[in-house]
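Presented below is the structure to which this report refers.
Each chain gets a letter, A, B and so on, in the order its sequence line appears, and its residues count up from 1.
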There are 2 protein chains.
Amino acid sequence: MLREKGQRFSKIRREMALVVLEIRRHFNADDVFRELRRRNVRGAHLATVYRTLPLLVQAGIIQPALFSSGERTFYETSFERPHHDHLICTGCGLVVEFELEAIERLQHDVARCHGFELTRHFHELLGECGSCRSASP
Amino acid sequence: MLREKGQRFSKIRREMALVVLEIRRHFNADDVFRELRRRNVRGAHLATVYRTLPLLVQAGIIQPALFSSGERTFYETSFERPHHDHLICTGCGLVVEFELEAIERLQHDVARCHGFELTRHFHELLGECGSCRSASP
DNA sequence: ATCGATGCAAAGGGTTTGCAAGGTT
DNA sequence: AACCTTGCAAACCCTTTGCATCGAT
């Protein structure tokens, strides 16, 4: 695999990379840990998962996500995926990804306005999805 | 004070409300706790602060903020303040508040597009401010 | 007098760390 | 062989909770 950003390449890291690349949803450390066990990666340890996740971020394979969802640190795959933000249903937890060029442009405008050079942004819209709205008046 | 949303009104709560209304910056539970001690509010306890913060949110006096900043739960005063989002310098931690009607409108458009009814949003722009940029090439 | 709020201490849960043992280069 | 990773367990930190007491209505 393509992840020599200065780190060594162990079996566990390989397995973790495979796992996160295959996960479609957003995940946290424990999700990865449980998936590793399910695959019988012998003795994969939760501490190792915690130690490796930041490396995968650095390598550009995953990125943090879903900040508004409270405590847990969530990630999503970033490798070969276009940029997007999230629309989250507060009723059922449904996550929809969206991307709007116009918003991106305005964000840069705002930053420039204040003398900032924009590097990242977190943008999450919370609301109620159609199904939840029709379910509860 | 104007905070009878169904809760009782104790001395500690009164003091806490005063503190958070006077704080200008973003703050966490411990900031409030230390400020209470500084003011010699006798024996104000950290557990009480943790218990009271959600009540102040419910009462519309404060609101959670700065989600991308990692672990700690931060708040800011919301009482009689217009809506705004944050532009944060990753170099020095400077926080600038901004508000752009156009972005707000686009957010609602996006939500509606996907059948969502928008209730809240988190929008944080991260970058480097002017001083930090000139300090480090 | 009743019911909720507080102090205290202890538990809780996710995350991090020190160290010895095992892998990678 | 040198150095990095891992497993393990213990430490950490912020936050929450149980319980007896104190305070508000």
The contact string for nucleotides 16-23 of chain D, one letter per nucleotide 5' to 3', using protein heavy atoms under 4.0 Å with B, S and - for base, sugar-phosphate only and none, comes out as BBB----B
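- One interatomic measurement links the two molecules: CZ of Arg37(A) to C1' of dT6(D), which rounds to 14 Å at whole-angstrom precision.
- At a cut-off of 3.5 Å, with distance as the only test, no side-chain donor of Glu124(B) or His123(A) sits close to an acceptor on the other residue.
- Residues that satisfy the ring-ring contact (aromatic ring centres under 6.0 Å, His included) test with His86(A), not counting sequence neighbours, are His26(A), His84(A).
- Take the nearest nucleotide of DNA chain D for His45(A) and for Asp30(B): the residue whose nucleotide is more 5' is His45(A).
- Taking Glu35(B) as the reference, Arg38(B), Arg39(B) meet the salt bridge (charged side-chain N to carboxylate O under 4.0 Å, His left out) condition, with sequence neighbours excluded.
- Side-chain atoms of Thr73(B) never come within 3.5 Å of backbone atoms of Pro64(B) as a donor-acceptor pair (strictly under, hydrogens ignored).
- Dashed line: the shortest gap from a side-chain N or O of Thr73(B) to OP1 or OP2 of dT15(D) is under 4.0 Å.
- If you measure from atom CZ of Phe9(B) to atom P of dT6(C), you get 11 Å, rounded to the nearest angstrom.
- Looking at residues two or more places apart in sequence or on another chain, you find a ring-ring contact (aromatic ring centres under 6.0 Å, His included) between His121(A) and His83(A).
- Annotation: side chain to side chain contact (heavy atoms under 4.5 Å, CB included) contacts of Thr90(A) (sequence neighbours excluded): Leu126(A), Glu128(A), Arg120(B).
- Atom CZ of Phe33(B) and atom C1' of dC13(D) are 15 Å apart (whole Å).
- The side chain of Arg13(A) places no N or O atom within less than 4.0 Å of a non-bridging phosphate oxygen (OP1 or OP2) of dT24(C).
- Rounded to a whole Å, the CG atom of Asn28(B) is 15 Å from the P atom of dC13(D).
- As a whole-Å value, the separation of Leu53(A) CG from dT5(D) C1' is 15 Å.
- With rounding to whole Å, Leu36(B) atom CG is found 10 Å from dG7(C) atom P.
- Scored by the ring-ring contact (aromatic ring centres under 6.0 Å, His included) test, Tyr75(A) finds no partners at all (sequence neighbours excluded).
- Between Glu15(B) atom CD and dG7(C) atom P the separation is 12 Å, expressed in whole Å.
- Comparing atom distances between the Ala29(B) side chain and each of dT15(D), dT6(D), dT25(D) picks out dT15(D) as nearest.
- Atom pair Arg14(A):CZ and dT5(D):C1' shows a separation of 17 Å (rounding to whole Å applied).
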